[in-house]
Amino acid sequence: MKEGFAIGGGLIVVGLMLELGVGPVVWDSFLWPVNGVVLAGFLLIIACMHIIYNKVYAFHFLGTYQAAIPAMVYGVLLTVVMGVTRQQANGAWLNDMLTFWPFVLIYVYIAVILGLVVLRRISTMRRRLTVRNVAFLLNHFGLFLALTTGTLGNADMQRMKMITVVGEPEWRALTQQQQVVELPLAIELKRFIMETYDDGSPKRFASDVQILTQSGKNITTTIDVNKPAEVDGWKIYQYGYDQQLGVRSQTSIFELVRDPWLPAVYTGIYMMLAGALCMLFMGKGKKNVTKSK
């Protein structure tokens with residue numbers, strides 16, 4: 001596995017050089033349709049690598065566990081670092097891992113390995129279709145799908161805040177760069193709801209709202225903390241309120257999130273769950289066979 005760890009270490013060094021030379025990854029450069037073209041090109045490259053898999057040693061090596069295990073070790077270590085450091089937009093190096101070149105390159109490397117492994121297993125499944133092969137394919141292709149679409153889809157994700165006042169429809173919101181944008185929906189705050197403990201601290205806060213969309217939808221609902229409203233691909237979360245007025249607040253702040261690639265990410269996750277269930281049933285079947293013997 002020395003080669004595998006050497007490749008991973010080399011990618012981290014290259015990533016650090018890119019970080020110092022050109023700065024962090026600018027995901028805004030991958031807005032649709034650029035990310036779609038990049039994904040198509042990425043898939044084409046993996047397919048070409050698969051075609052000449054046995055003719056090029058480097059491509060053959062990427063399909064082995066000697067490459068996969070070191071790559072996963074690097075990926076896990078960087079993910080742990082991401083989990084123990086505070087992440088924020090436009091943060092420096094470890095504080096914004098999604099734009100940190102070593103993190104991105106390692107996960108691209110993992111995706112390449114997964115893609116090659118999936119294609120190799122598909123080619124063997126033509127001759128032998130078994131539950132083990134199906135479980136393997138579901139797990140690995142599910143992870144590949146979640147990784148690639150989750151990464152490239154990051155460019156198209158929109159996250160913004162909207163401040164509403166009782167009785168006044170609002171369709172403007174603030175981006176993370178503090179830019180005012182007009183949305184294809186409007187929210188009118190009907191009533192702000194707040195429940196408190198005996199000491200006056202907030203126990204629950206929510207908002208009764210009416211949501212109007214350009215597609216003609218007219219929705220009346222209550223947006224509670226951790227219970228967002230979903231309209232035309234947007235998730236609307238209860239974010240805040242006028243803390244000075246407390247229960248008498250006439251203002252409610254919402255966070256609006258739109259991620260058009262999220263269904264593809266969820267598909268990958270569901271595939272991995274299905275693969276895990278296949279492995280579970282396969283393990284139970286083996287135990288039953290052993291007991292019967």
Discussion item. Quick check: closest heavy atoms across Asn133 and Arg121, and the distance to 0.1 Å?
Written reply: OD1-NH1, 2.8 Å
Practice prompt. Would you sort out whether Trp171 and Leu212 count as a side chain to side chain contact (heavy atoms under 4.5 Å, CB included), showing the intermediate values?
Written response: CA-CA 9 Å; Trp171 61 93; Leu212 302 173; over 6 Å; no
Worksheet entry | CZ on Arg172 to CE on Met160, rounded to 0.5 Å | 14.0 Å
Discussion item. Can you classify the ring geometry of Trp27 versus Phe30 as parallel (below 30°), tilted (30 to 60°) or perpendicular (above 60°)?
Written reply: tilted
Worksheet item: For Ser207 and Gln238, does a side-chain donor sit closer than 3.5 Å to a side-chain acceptor?
Response: yes
Worksheet item: If you take all heavy atoms of Ile223 and Ala229, which pair is closest and at what distance?
Response: CG1-CB, 3.9 Å
Fill in: Pair Arg191 + Asp208, salt bridge at N-O below 4.0 Å
yes
Discussion item. Looking only at side-chain N and O atoms, does Asp242 offer a donor or acceptor that is under 3.5 Å from a partner on Gln250?
Written reply: no
Worksheet item: How close do Thr222 and Ala206 get, heavy atom to heavy atom, and via which atoms?
Response: CG2-CB, 4.1 Å
Worksheet item: When you look at Tyr107 and Thr151, which way does the side chain to side chain contact (heavy atoms under 4.5 Å, CB included) test go after all the steps?
Response: CA-CA 9 Å; Tyr107 271 90; Thr151 302; 5.6 Å; no
Fill in: For Ile113 against Leu62, the heavy-atom pair lying closest together
CG2-O, 3.4 Å
Worksheet item: Are the side chains of Glu170 and Glu168 in touch, meaning some heavy atoms are under 4.5 Å apart?
Response: no
Discussion item. Whether the side chain of Trp101 engages the backbone of Gly23 through a donor-acceptor N/O pair (distance < 3.5 Å, no angle test) should be reported.
Written reply: yes
Discussion item. Is there a path of hydrophobic side-chain contacts, each under 4.5 Å between heavy atoms of I/L/V/M/F/W/Y residues, joining Val25 to Leu20?
Written reply: yes
Item to complete: Using modelled atom types only, decide if a donor and an acceptor are shared between the side chain of Ser252 and the backbone of Thr164 within a distance under 3.5 Å.
Response: no
Fill in: Leu262 reachable from Tyr237 in the ILVMFWY side-chain graph, under 4.5 Å edges
no
Practice prompt. Any chance you could measure Ile187, atom CD1, to Ile236, atom CD1, to the nearest 0.5 Å?
Written response: 4.0 Å
Discussion item. Could you check whether atom CD of Gln244 has more than 12 heavy atoms from other residues, nucleotides or ligands sitting under 6.0 Å from it?
Written reply: no
Worksheet entry | Nearest heavy-atom neighbours spanning Val104 and Leu98 | CG2-O, 3.5 Å
Practice prompt. Determine whether Val14 and Val22 fall in the same hydrophobic cluster, where Ile, Leu, Val, Met, Phe, Trp and Tyr are linked whenever their side-chain heavy atoms lie under 4.5 Å apart.
Written response: yes
Discussion item. Quick check for you: to the nearest 0.5 Å, what is the distance between Phe141 atom CZ and Leu119 atom CG?
Written reply: 9.0 Å
Item to complete: Any chance you could measure Met272, atom CE, to Thr267, atom OG1, to the nearest 0.5 Å?
Response: 11.0 Å
Worksheet item: Counting only heavy atoms not in Met17, do more than 12 fall under 6.0 Å of its CE?
Response: no
Practice prompt. Would you please test Met72 and Ile110 for side chain to side chain contact (heavy atoms under 4.5 Å, CB included) and show each step?
Written response: CA-CA 7 Å; Met72 292 303 295; Ile110 292 173; 4.0 Å; yes
Discussion item. Check for me, please, whether Leu273 and Met271 land in the same ILVMFWY cluster - side-chain distances under 4.5 Å, paths through other members count.
Written reply: yes
Fill in: Verdict with supporting geometry, Phe42 and Val112, side chain to side chain contact (heavy atoms under 4.5 Å, CB included)
CA-CA 9 Å; Phe42 185 63; Val112 170; 3.6 Å; yes
Practice prompt. Taking the side chain as every heavy atom from C-beta outward, state whether Val209 and Thr221 have any pair of such atoms under 4.5 Å apart.
Written response: yes
Worksheet entry | Neighbour count >12 (heavy atoms, 6.0 Å) for atom CG, Asp199 | yes
Fill in: Approximate separation, where rounding is to 0.5 Å, of Ile7 CD1 and Gln66 CD
11.0 Å
Worksheet item: Are the side chain of Ser249 and the backbone of Leu245 linked by a donor-acceptor contact shorter than 3.5 Å?
Response: no
Worksheet, complete the sentence: To the nearest 0.5 Å, atom CD1 of Ile46 lies from atom OH of Tyr53 at 13.0 Å
Practice prompt. Identify the two heavy atoms, one from Ile106 and one from Ala71, that lie closest to each other, and give their separation to 0.1 Å.
Written response: CG2-O, 4.1 Å
Worksheet item: Under 4.5 Å between side-chain heavy atoms, hopping through other hydrophobics if needed: is there a path connecting Trp234 to Ile253?
Response: no
Practice prompt. For the pair Trp261 and Trp32, name the ring-plane relationship: parallel under 30°, tilted 30 to 60°, perpendicular over 60°.
Written response: perpendicular
Worksheet entry | pair Asp259-Val265: side-chain heavy atoms closer than 4.5 Å | no
Fill in: Pairwise side-chain contact, Asp232 with Ser215, heavy-atom cut-off 4.5 Å (strictly under)
yes
Practice prompt. Answer yes or no: does atom CD1 of Ile163 have more than 12 heavy-atom neighbours from other residues, nucleotides or ligands under 6.0 Å?
Written response: no
Discussion item. Check whether Glu255 reaches the backbone of Tyr239 with its side chain - one donor and one acceptor, N or O, closer than 3.5 Å.
Written reply: no
Fill in: Side chain Tyr241, main chain Gly246, donor-acceptor under 3.5 Å
no
Item to complete: Would you check if the side chain of Thr148 reaches a backbone N or O of Phe144 as a donor-acceptor pair within less than 3.5 Å?
Response: yes
Worksheet item: How about Val118 and Phe136: do any of their side-chain heavy atoms sit closer than 4.5 Å?
Response: no
Worksheet item: Is the closest side-chain heavy-atom distance between Gln210 and Asn218 below 4.5 Å?
Response: yes
